[in-house]
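A short write-up of the structure that comes next.
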Amino acid sequence: LIDFRSDNTGAVAPEILAAVAEANSGTAAGYGMDRWSAELHHRFSDLFQAEASVYPIATGTAANGLSLSVLGPPWGAVYCSCHAHIETSEANAAGFHSGGLKLSLVEGEFGKLSPLALESAIVESGIGLRQRSQPAAVSLSQASELGTVYSLDELSTISAIARRFGIRIHMDGARLANALVHLGCTPADLVNKAGVDILSFGAAKNGGMLCDAIVVFDRSLVEPLEFRLRRSGHTWSKMRFAAAQLLAYVHDGLWLRNAARANTVAEEIGRQMAAMDGLSLAMPIEANEIFLNVDGRVMDGLERDGIGFFRRGPATARFVCRFDTTESEAEALLSSIRRHAAQIQAIPLGTEHSTHGSHR
Ligand SMILES: Cc1ncc(COP(=O)(O)O)c(C=O)c1O
């Protein structure tokens with residue numbers, strides 16, 4: 001398979017495997033009381049230029065659900081885009097971990113929520129009314145699920161609205177490194193502009209192994225989060241090996257180098273696809289994902305050629321680039337799509353016999 005299905009299909013960066021092996025000597029205290037975990041706290045505080053408590057965690061879903069669970073009462077509402085992973089793909093983990101939080105969908109373009117729509121949603125929420133969920137937080141995916149990135153200005157505007165209404169900000173950074181590379185700003189800039197209170201920090205999709213993290217900036221969230229982590233079974237006893245993965249991930253810019261590779265390949269593939277007859281980009285490419293408007297018969301052809309990708313509609317395909325996507329994979333995808341797109345162009349409309357594949 002020539003694999004453009006997801007960025008979680010890739011390998012583990014060798015630096016991370018080496019760091020786990022290196023941590024594998026002698027004994028260390030359990031449950032985050034080891035020296036790797038202490039270093040993680042310092043390293044991330046440095047990176048974000050703010051005191052940051054870092055909790056390694058197994059999955060992005062757990063990071064999101066547990067982060068949101070400390071942001072509101074069970075009758076709270078979390079504002080997010082209808083494309084947000086927390087809405088589409090986490091079986092309402094936020095509601096589960098918090099004992100009731102509800103997701104409230106906010107409109108916007110290109111997978112991002114619009115500040116104006118957010119403001120109206122909060123205004124119309126019925127603040128104080130006992131029969132309504134109460135605004136608790138806004139959750140922003142950076143980069144978004146549609147491969148776009150909030151600009152620093154957009155983040156400042158959203159942050160100002162959230163502050164005005166006294167609600168907190170969660171960032172789903174499953175692809176934070178891809179967004180950072182696109183913006184060309186520092187992690188501190190990004191988090192400060194957005195006024196992030198709590199961050200789901202992704203690593204697995206970008207060369208990580210078995211661990212993401214929750215990063216807490218609002219000190220009042222530390223204690224409730226630590227209890228919730230423990231009672232939901234996320235406080236690993238052998239935490240040093242998780243901390244070692246994350247230390248290696250950010251060491252010497254590895255995370256940014258990996259993301260830059262994935263973003264660059266996506267941009268190049270997208271540029272070439274958009275230049276082909278009959279194809280156009282459905283979304284701007286700002287991270288490592290390509291959403292393409294493409295005839296279903298071209299998608300059938302790609303599948304026959306052994307190209308892995310996801311159909312996101314009858315005429316939309318998603319291709320995801322990884323830190324380890326190779327040039328030959330990119331060339332194979334481009335040459336397959338070029339061939340099938342040209343064939344479709346050559347067939348007069350209405351004379352074709354289409355076989356639409358399954359819809360995932
Ligand atoms: C934007 C976003 N957030 C969170 C996640 C959750 O990650 P996990 O699959 O580790 O639960 C994903 C995974 O696809 C994602 O794309």
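None of these values were measured; they are calculated from a predicted model. Indexing begins at 1, ligand by ligand and atom by atom, following the structure's order. We count residues from 1, following the sequence as given. Note that these values count all heavy atoms, side chains included, but never hydrogens, waters or copies made by symmetry.
- In summary, the aromatic rings of F201 and W255 are positioned with their centroids under 6.0 Å apart.
- Evaluation of the side-chain contact (heavy atoms from CB on, under 4.5 Å) rule for T59 yields T61, A62 as partners, not counting sequence neighbours.
- Applying the salt bridge (Lys or Arg N to Asp or Glu O under 4.0 Å) test to pairs two or more places apart or on separate chains, those with a residue in residues 175-196 are D7-R175, R175-E289.
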List, one per line, each side-chain donor-acceptor pair under 3.5 Å for residues 116-123, sequence neighbours excluded.
{"from": "E119", "atom 1": "OE2", "to": "R164", "atom 2": "NH1", "distance (Å)": "3.0"}
{"from": "E119", "atom 1": "OE2", "to": "R164", "atom 2": "NH2", "distance (Å)": "3.1"}
{"from": "S120", "atom 1": "OG", "to": "L116", "atom 2": "O", "distance (Å)": "2.9"}

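- At a threshold of 4.5 Å between side-chain heavy atoms, the hydrophobic network of Ile, Leu, Val, Met, Phe, Trp and Tyr places F48 and I198 in two separate groups.
- Salt bridge status for E145 with R312: absent, with no side-chain N to carboxylate O gap under 4.0 Å.
- A distance limit of 4.0 angstrom between heavy atoms and ligand 1 selects the residues T59, G60, T61, N64, H85, E90, E145, D172, A174, R175, K205.
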